[in-house]
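Each chain gets a letter, A, B and so on, in the order the sequences are listed, and its residues count up from 1. These figures come from a predicted structure and were not determined experimentally.
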Protein chains: 2
Amino acid sequence: MSDRKTQFDKALLGLRSLVMSGEFSGSARLPEVALSERLGLSRTPLRQAMDHLVAEGLLERIETGGCRVARFTLDDINDAIELRGVIEGTAVRLAAERGADPVALAEVERVLDRIDIALKHPDHIDFDAYIVENASFHRLLAHLSGSQLMQREADRVSRLPLASPSAFLREQELIPDFNASLLRAQHQHRAIVEAIRAREGARAEYLAREHARLARRNLDYLANAGPGVATRVPGLSLLSAE
Amino acid sequence: MSDRKTQFDKALLGLRSLVMSGEFSGSARLPEVALSERLGLSRTPLRQAMDHLVAEGLLERIETGGCRVARFTLDDINDAIELRGVIEGTAVRLAAERGADPVALAEVERVLDRIDIALKHPDHIDFDAYIVENASFHRLLAHLSGSQLMQREADRVSRLPLASPSAFLREQELIPDFNASLLRAQHQHRAIVEAIRAREGARAEYLAREHARLARRNLDYLANAGPGVATRVPGLSLLSAE
DNA sequence: TGATGAATTAATGTATACAGAAAATGTAAA
DNA sequence: TTTACATTTTCTGTATACATTAATTCATCA
């Protein structure tokens, strides 16, 4: 359909992964010409992509022109996690209050089953599958609200740096009982859906907020693991640059 | 300081007011060349501004290229109002939980006093002053959270089309007891601040949500006032184009 | 008359050229 | 050695040219 790969899309994808790789976390200004040559496109679509990433919060503008990789404090990340819980909490509350589409609810159940499969063997969790299906689940939750605006907002906050639990998967060995926390997360998933089915908006909202706060636990462990870790966790390398 | 008026800033300001004027609400594609000539700048900064307004939700992209003025349903606007309450509610909850900066709190009180003055004579309310001071109040509320992220988000949602009570001021004569509702809003303002002072986060959050929902009442009246009103209310003319 | 399709027109997406500002480099003086 | 200033270079912000794609017009045929 509209799979027309525009240069801007390429620039956005490429630049995002470059930034996430941490290569430019040295807080210097991002050189436009060098980046555009490296990505194989001109400065125009690259600058568009930079604008988007500034809006996303991954980059920040410099007063004297241009932009650089945004630097986050621990508080920033905690706030992003909190915000994510608030937005998703609102989405599920609206879904419960207004009544969720049964077809979408069935789709949610299928995704939850696939997450179960990924978690089937607690010692050999299929992390790649979990990341994909978990993202699907959260996208579907926003969809259940029936509100286009909430979907867009949920999509936005899910991209906030380090707001997602998946961001911590690469450093799981540093986090005690990480696998167990994934199982707990899945229990929360089912509880949220159950609350929506029962039309209990307040409970659904509360559960979604608590669910988001699981990420805080992981963040705390990584933050106390010393500066060495910061440079090994892609997103977190930004934090150490503060 | 950084008052360097860049062409992009001019484009953003100019385009926003043009869109708000309703002149292009006919859902046709926005012509880039014509607009750039009219605003006295080239297509490059104009397209930047269009990107920003798309992100803001005021414009929407067309599959075949370009963009047009976004069309809103009543549900869209109600969702925007709800979201505003949720975001501001979170900001004041965090402010209460974390403890608000006394200096900022004092500034809030001064703004509230100025709102009182604007509302002093219920039959001759100073609407212009009210709009300005009310905006200041809500900006300061977000500031009280101490979170840069919450400030940015609050700023964003306050710009969501028709999410703000001020958007209805022009059509006040169509809304029964409109002036009285402004007085009620001011009472809510003080109650919110009081809850923050008392460190009662949950109450502050609840009050802020209810406060935002005042706008729903106004919206309902205008929605029932017939299609003629839609074309007279700048933002709402978008609604009738659906 | 209505519909289908070719041809023309217009408009978007992208590249690039250019001007002006910021940073870097180098030189001279204290 | 360090500071201040001048010079050079680089880079951003903006304008514009170009190409490709969408819209429109017009002509032909059923």
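Aromatic ring orientation, B/His138 versus B/His211: parallel (interplanar angle below 30°, classes split at 30° and 60°).
When the C1' atom of D/dA22 is taken as reference, atom CD1 of B/Ile62 falls 11 Å away, rounded to whole Å. B/Arg68 places its CZ atom 14 Å from the P atom of C/dT12, with the value rounded to the nearest Å. A straight line from CD of B/Glu37 to P of C/dA10 spans 13 Å, rounded to a whole angstrom. Going from atom CG of A/Leu41 over to atom P of C/dA15 covers 6 Å, rounded to whole Å. B/Glu63 has its CD atom 15 Å from the C1' atom of D/dT21, to the nearest Å. Rounded to an integer number of Å, the gap from CD of B/Glu32 to C1' of D/dT21 is 14 Å.
No hydrogens or angles considered: nothing links the side chains of B/Thr6 and B/Asp9 as a donor-acceptor pair under 3.5 Å.
Contact check on B/Asp79 versus B/Arg84 returns no salt bridge, with no Lys/Arg side-chain nitrogen under 4.0 Å from an Asp/Glu carboxylate oxygen. Note on A/Arg71 versus A/Glu60: salt bridge recorded, some NZ/NE/NH1/NH2 to OD/OE distance being below 4.0 Å. Ion pairing between B/Asp126 and B/Arg114 fails under the 4.0 Å rule for side-chain N and carboxylate O.
With sequence neighbours excluded, the residues forming a side chain to side chain donor-acceptor pair (under 3.5 Å) with B/Arg209 are A/Glu205, B/Glu205, listed by chain and number.
Heavy atoms of B/Leu35 sit nowhere under 4.0 angstrom from any nucleic acid atom. B/Leu46 comes within 4.0 angstrom of nothing in the nucleic acid, heavy atoms only.
Between A/Thr64 and the phosphate of C/dA23, there is a side-chain N or O to OP1/OP2 separation shorter than 4.0 Å.
Two residues, A/Gly65 and A/Pro45, neighbour DNA chain C, and the one matched to the more 5' nucleotide by heavy-atom proximity is A/Pro45.
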Close N or O pairs between protein and nucleotides 16-19 of chain D (under 3.5 Å):
unit_1, atom_1, unit_2, atom_2, d
D/dT16, O4, B/Thr44, OG1, 3.3

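For A/Arg47, the side-chain atoms get nearest to D/dT14 when compared with the rest of D/dC11, C/dT14, D/dT14. Candidate nucleotides C/dA11, D/dA15, C/dA22 were compared by shortest atom distance to the side chain of B/Gln7, and D/dA15 ranks first. Nearest nucleotide to the B/Arg29 side chain, out of C/dT14, D/dA22, D/dT14: D/dA22.
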Show your working on salt bridge (charged side-chain N to carboxylate O under 4.0 Å, His left out) between A/Arg38 and A/Glu23 and close with a plain yes or no. CA-CA 13 Å; A/Arg38 183 157 165 186; A/Glu23 180 178 340; 2.8 Å; yes
